[in-house]
S.K.: 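The following block contains the structure, expressed as structure tokens.
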Amino acid sequence: WRKIIAQAMLVYAYDLRDPRLSNRQRLIPGGEKWMFWDWFDVQDKMSDENIATLRRLNPSEKEVYKRHLAQSILVDRFKLKVHHVARESPGRDLVVGKNGPRNMTQEPDSEESRPIPSDFNHIRWQAAPISMLIDLLRDLENAPVLDKTGLIGKYDFKLEFARDADMRMPAGKSLPPTNDSEPTIFDALRDQLGLKLVRVNIPLDEIVIDHVEKPSEN
């Protein structure tokens with residue numbers, strides 16, 4: 001990582017699925033305000049053993065392994081101690097529609113994942129795991145979204161949709177004019193990718209911070 005706030009590191013490391021944490025609408029319980037505002041330049045060198053392990057894993061397994069490595073950094077550098085709590089929250093499951101996925105070209109796991117520049121209502125990815133789509137949907141729905149597609153690997157795909165008029169925008173930016181011909185994100189997923197968002201109650205694994213320290217410079 002380079003230039004990241006502490007809360008964002010925790011959200012990634014512990015796979016916290018409440019989007020209010022990512023959008024800085026809510027501080028992780030037990031956290032301190034500097035975790036919202038202070039930026040850290042975090043660099044970590046993986047051991048040969050870590051690299052060898054990553055090479056054996058598929059994209060989904062790699063994400064889990066990277067999150068565990070991030071937790072180790074937080075414990076070592078931020079002296080982090082947490083405990084887990086469980087609760088239920090209204091959310092969404094992303095599932096495959098009855099006719100299966102479409103317009104999704106699978107790429108080799110070795111390909112680098114990246115978004116392709118496009119305009120506000122058009123999103124394109126190259127060699128992206130489904131987790132990248134999940135992150136977008138969490139922001140759009142402002143709710144937890146779980147991947148229940150069973151799609152493992154990396155894909156090229158695109159989405160064209162209309163964003164909600166009440167969507168939160170970054171400071172200083174406004175929502176572009178809407179186009180009535182553009183579908184909702186629900187319809188776009190169904191018609192363009194063969195996927196579906198289902199409303200459910202989702203069990204969330206959350207954390208409460210028992211101890212955290214602002215790290216000193218190396």
S.K.: Quick check on E112: does its CD atom have over 12 non-hydrogen neighbours (other residues, nucleotides or ligands) under 6.0 Å away?
M.R.: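 Atom CD in E112 is not packed in, count stays at 12 or less.
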S.K.: How long is the span from the CG atom in L54 to the CD atom in E49, to the nearest 0.5 Å?
M.R.: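 The CD atom of E49 is 11.0 Å from CG of L54, to the nearest 0.5 Å.
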S.K.: Are any of the side-chain heavy atoms of D210 and H83 separated by less than 4.5 Å?
M.R.: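 Answer yes - side chains close enough.
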S.K.: Locate the shortest heavy-atom distance separating E160 from P183; write the atom from each residue and the value.
M.R.: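 Heavy-atom minimum between the residues: O-CG, 3.4 Å.
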S.K.: Cation over ring, R67 on Y14, under 6.0 Å and within 45°?
M.R.: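 Because its charged atom misses either the 6.0 Å distance or the 45° angle limit, R67 does not stack over Y14.
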S.K.: Is a donor on one side and an acceptor on the other found under 3.5 Å between the side chain of R190 and the backbone of I185?
M.R.: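 Looks like no, no N/O pair under 3.5 Å.
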S.K.: Can you check whether L189 reaches L94 side chain to side chain, under 4.5 Å on heavy atoms?
M.R.: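 Yes, close enough: below the 4.5 Å cut-off.
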S.K.: Measuring from atom CD1 of I202 to atom CG of L146, what distance do you get when rounded to the nearest 0.5 angstrom?
M.R.: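 The CD1 atom of I202 sits 3.5 Å away from the CG atom of L146.
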S.K.: Could you check whether any side-chain heavy atom of V64 comes within less than 4.5 Å of a side-chain heavy atom of D15, counting everything from C-beta outward?
M.R.: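 When only atoms from C-beta onward are counted, D15 and V64 do not touch, as no gap falls below 4.5 Å.
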S.K.: Does either side chain, that of T53 or that of N50, offer a donor lying less than 3.5 Å from an acceptor on the other one?
M.R.: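 Looking only at side-chain atoms, N50 and T53 do not form any donor-acceptor pair under 3.5 Å.
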S.K.: One pair to check against side-chain contact (heavy atoms from CB on, under 4.5 Å): K196 and V96. What are the steps and the verdict?
M.R.: CA-CA 6 Å; K196 184 179 179 181; V96 174; over 6 Å; no
S.K.: Is any side-chain heavy atom of P144 less than 4.5 Å from a side-chain heavy atom of R138?
M.R.: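 They are not in contact (no side-chain heavy atoms under 4.5 Å apart), so the answer is no.
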S.K.: Counting the benzene-type ring for Trp, do F78 and F40 have ring centres under 6.0 Å apart?
M.R.: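 That pair passes the under 6.0 Å test.
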S.K.: CG of L140 to CD1 of I123: how many Å apart, nearest 0.5 Å?
M.R.: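 If I round to the nearest 0.5 Å, the distance is 8.0 Å.
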S.K.: Are N142 and R20 side-chain neighbours, meaning at least one heavy-atom pair lies under 4.5 Å?
M.R.: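 Contact flag for N142/R20 side chains = yes.
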S.K.: Could D38 and K214 be called an ion pair, given the rule that one side-chain N must be under 4.0 Å from one carboxylate O?
M.R.: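 Judged by the 4.0 Å cut-off on N to carboxylate O distance, D38 and K214 do form a salt bridge.
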S.K.: Please evaluate residues H122 and E182 with respect to the criterion side-chain contact (heavy atoms from CB on, under 4.5 Å), reporting the C-alpha separation (whole Å), side-chain torsions for both, the decisive distance (0.1 Å), and the verdict.
M.R.: CA-CA 10 Å; H122 300 76; E182 291 175 327; 3.4 Å; yes
S.K.: Do P29 and R26 have side chains that get closer than 4.5 Å, going by heavy atoms?
M.R.: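 With C-beta onward as the side chain, the pair touches.
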S.K.: Short question: side chain of R24, backbone of F36 - any donor-acceptor pair under 3.5 Å?
M.R.: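 Checking the backbone N and O of F36 against the side chain of R24, a donor-acceptor pair under 3.5 Å is found.
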S.K.: For the residue pair T105 and F157, establish whether any side-chain heavy-atom pair is separated by less than 4.5 Å.
M.R.: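 They are not in contact (no side-chain heavy atoms under 4.5 Å apart), so the answer is no.
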S.K.: So with a 6.0 Å cut-off around NZ of K158, is the heavy-atom count from everything else above 12?
M.R.: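 For K158, atom NZ is not crowded (no more than 12 foreign heavy atoms under 6.0 Å).
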S.K.: Should R92 and E141 count as an ion pair when the cut-off is N to O under 4.0 Å?
M.R.: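 Looking at E141 together with R92, the answer is yes, because their closest N to O distance falls below 4.0 Å.
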S.K.: Do the side chains of L10 and L21 get nearer than 4.5 Å, heavy atoms only?
M.R.: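 A side-chain contact under 4.5 Å is absent here.
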S.K.: Go through the steps for W125 and L133 under the test side-chain contact (heavy atoms from CB on, under 4.5 Å), then give the verdict.
M.R.: CA-CA 9 Å; W125 287 273; L133 176 58; 4.2 Å; yes
S.K.: Is there a donor-acceptor pair closer than 3.5 Å between any side-chain N or O of D93 and the backbone N or O of V198?
M.R.: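 No, the answer is negative, given that no donor and acceptor are paired below the 3.5 Å cut-off.
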S.K.: Output the distance between atom OG (S113) and atom CG (D156), rounded to the nearest 0.5 Å.
M.R.: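 S113 atom OG to D156 atom CG measures 9.5 Å (nearest 0.5 Å).
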S.K.: For E107 and Q126, indicate whether the former's side chain and the latter's backbone hold a donor-acceptor pair under 3.5 Å.
M.R.: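 The answer is no, because no donor-acceptor pair under 3.5 Å joins these two groups.
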S.K.: Which atoms form the tightest heavy-atom contact between L27 and K33, and what is the distance?
M.R.: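 Distance-wise, the nearest heavy atoms are CD2-N, 4.3 Å.
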S.K.: Thinking salt bridges, do D18 and R87 make one under a 4.0 Å N-O criterion?
M.R.: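 Salt bridge flag = yes for R87 with D18.
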